Amino acid sequence: MKTLIIVDKPPYGDWSGREALDMAFSLAAFDQPVSLLFVGGGVNWLRSGQNAENIKQKTVTRQLGAAAVFGIEEFLVDSEGLSAYGMAADALSADVICVEPGPDLYQQYQHIVCL
Amino acid sequence: MKTLIIVDKPPYGDWSGREALDMAFSLAAFDQPVSLLFVGGGVNWLRSGQNAENIKQKTVTRQLGAAAVFGIEEFLVDSEGLSAYGMAADALSADVICVEPGPDLYQQYQHIVCL
Amino acid sequence: MPLTQTGTELMPVLHVLNKSPNHPRFGYCLAALADNDALILIENAVFGLGSANRFRCRVYALQDDVKARGLPSPSAGEAIELVDLPGWVTLTATYSRIVHW
Amino acid sequence: MPLTQTGTELMPVLHVLNKSPNHPRFGYCLAALADNDALILIENAVFGLGSANRFRCRVYALQDDVKARGLPSPSAGEAIELVDLPGWVTLTATYSRIVHW
Amino acid sequence: MAQTQSLSYTLVITGAPYASQAPQTALGFASALVQAGHRIDRIFLYGDGVHLASALSCAPSDEINWTQAWSGFLSENGIPAIVCVASALRRGVLDETEQKRYGKMASNLVSPFEIAGLGEWIDSLKRSSRTLYFNAAD
Amino acid sequence: MAQTQSLSYTLVITGAPYASQAPQTALGFASALVQAGHRIDRIFLYGDGVHLASALSCAPSDEINWTQAWSGFLSENGIPAIVCVASALRRGVLDETEQKRYGKMASNLVSPFEIAGLGEWIDSLKRSSRTLYFNAAD
């Protein structure tokens, strides 16, 4: 029962990404295989050098760091999104696999969630 | 104190347009000059032939009809939005003025509200 | 039909899309469609009926949402089928994998 | 400075934008800018810093939102000024007309 | 496309009433599901969807109160309905247990909704034939 | 760009906490306004922004409770805060008067917020030097 959680909005401006991540953490806690896919504006979750202290939120980088520890299998990232936001795959805050989201990718997952 | 209320989302899918319209009605009720501008997806508020009975909402056409009665001064509509959604200016549900939204238009209003 | 890594055959996907055509997710959904998938447009996504030639698979649209918004019914040449709520239910029963955009 | 229909001189506009660059409203805001207006990017709009050459007026960005998102500070050649909250307050006091996108 | 087999469903609602069309679309779909002879394992409210379970919402007299409509549908059909605890606490949707735990002056969870964790959602993924999502539109 | 004159402001918040960044951005701005010596005529909550006035919201211990933070700021500075009645009723934010009128089991409006109509917003447009809007981002 492999699950893919898609994050397509940047962090901090709204809450949907955090609640998507909570779903991923829960799956991992219940030993269900789960991967995260960052698409479009969502690639900004992986930007290095974030510091949300002054806007009084938790910096999401630390949460993503916990994701690997808690058993989230893969961080997939949309390569088109990376280039749209001027980000290099080797300068991200986490180890990622660059993908081109399409049918070949999605068919590997039984459940796909996009909040 | 001329006010412009901008509606840029289609009706029914969310509530922001209705609440923007409520603001316009209130201004008119307090005898404050107010115009509505429909931009982008918002032009679909003016489509003729709407009937929201089956999705259990009020059809917005009737509300727009009331707008003229209640003293809302003008319905402005973005001509680019009309063509993007394949709508003809002479087949709309209300009398409108086609405009190209830009600085020349906006400078005529002291207050501009875009929810 | 493509095989997964584990060798089991996967059913095609029913994609459910409720976003307007100018929403980024409309594009992500388009990019996810396989030839043998199906797509149903609901809520604000029915504004995308006019761009149906961009879809590479079977396309349905929820009648109530089309009617609410005053959109013209698709012509016979457009290969889009209007469905009612029971029709949508049938689609979800037919496709074992469903993605909501 | 242009004159309105009533003949009074209008102050230029401070535009406040908080939407991501791929949000439709980002474009509506750009189309509304006059040469002597000012624009301040806050919240998710700071992701638009990289496309600052599309803005035809003075551009500011809220430092806290830029820093939160890990975006590089604009280089000297980019003509974008980072402001803190007191700086944003000063801008709102300076411009008598403010539009929030 | 004929399919007469009876299946089990979970519906996840993440869009709020009066902000999105999600709860209304979901209710229409749920009614059609029951009519077609399928079983609904549970309704799961997540994110902004938890506002649907607020007993305090009051619709104008000429509009449908989606909380009441959902509450009635769930009771009539004996369908379990779960509100995600993490989403609910942040947004001020509380049952009496959470009210006491946090020392609040009132609870506002409408029956038959109950508060529970994401484990219920995971159980749906495992056990329901289909898990569907009703999100905010734009 | 120097401007030392003291002005009066109204802040309209239409984005909900835990769904948007609007209440936090607005609070940072409001604090800076007061520090700069400007006056805040009122805060006006509209649309989803009314959720900010729910006394029942509970933040996790390591997150800021934006309702409490706003409530404290308003009280300390004696700033009037209005919740739009039409938006509030639909979304289940009630004071005791509305609770009784609609026969509900509880009220949940946090002090010092008060419920009133759009007339208060129009008064702001007429009287405040500036009316600013804090909307949901995306």
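Every value quoted in this text rests on a predicted model; they were computed, and no experiment measured them. All chains are named by letter (A, B, ...) in the order of the sequence lines, taking the proteins before the strands, and each is independently numbered beginning at 1.
Taking F:Ala86, F:Ala55, F:Pro17 one by one and counting their heavy-atom pairs under 4.5 Å with chain E, the maximum is reached by F:Ala55. Put simply, of F:Gly47, F:Pro60, F:Ala16, the one with the most heavy-atom pairs under 4.5 Å next to chain E is F:Pro60.
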Scan the chain F/chain E interface and emit each donor-acceptor pair under 3.5 angstrom with its distance.
residue: F:Tyr18; atom: O; partner: E:Arg91; partner atom: NH2; Å: 3.1
residue: F:His51; atom: NE2; partner: E:His51; partner atom: NE2; Å: 3.4
residue: F:Ala55; atom: O; partner: E:Lys104; partner atom: NZ; Å: 3.1
residue: F:Ser57; atom: O; partner: E:Lys104; partner atom: NZ; Å: 3.3
residue: F:Cys58; atom: N; partner: E:Leu89; partner atom: O; Å: 2.7
residue: F:Cys58; atom: O; partner: E:Arg90; partner atom: N; Å: 3.4
residue: F:Glu63; atom: OE1; partner: E:Arg90; partner atom: NE; Å: 3.1
residue: F:Glu63; atom: OE2; partner: E:Arg90; partner atom: NH2; Å: 2.9
residue: F:Leu89; atom: O; partner: E:Cys58; partner atom: N; Å: 2.7
residue: F:Arg90; atom: N; partner: E:Cys58; partner atom: O; Å: 3.4
residue: F:Arg90; atom: NE; partner: E:Glu63; partner atom: OE1; Å: 3.1
residue: F:Arg90; atom: NH2; partner: E:Glu63; partner atom: OE2; Å: 2.9
residue: F:Arg91; atom: NH2; partner: E:Tyr18; partner atom: O; Å: 3.1
residue: F:Lys104; atom: NZ; partner: E:Ala55; partner atom: O; Å: 3.1
residue: F:Lys104; atom: NZ; partner: E:Ser57; partner atom: O; Å: 3.3

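Across every non-hydrogen atom of F:Ala106 and E:Leu56, the tightest pair is O-CD2, 3.3 Å.
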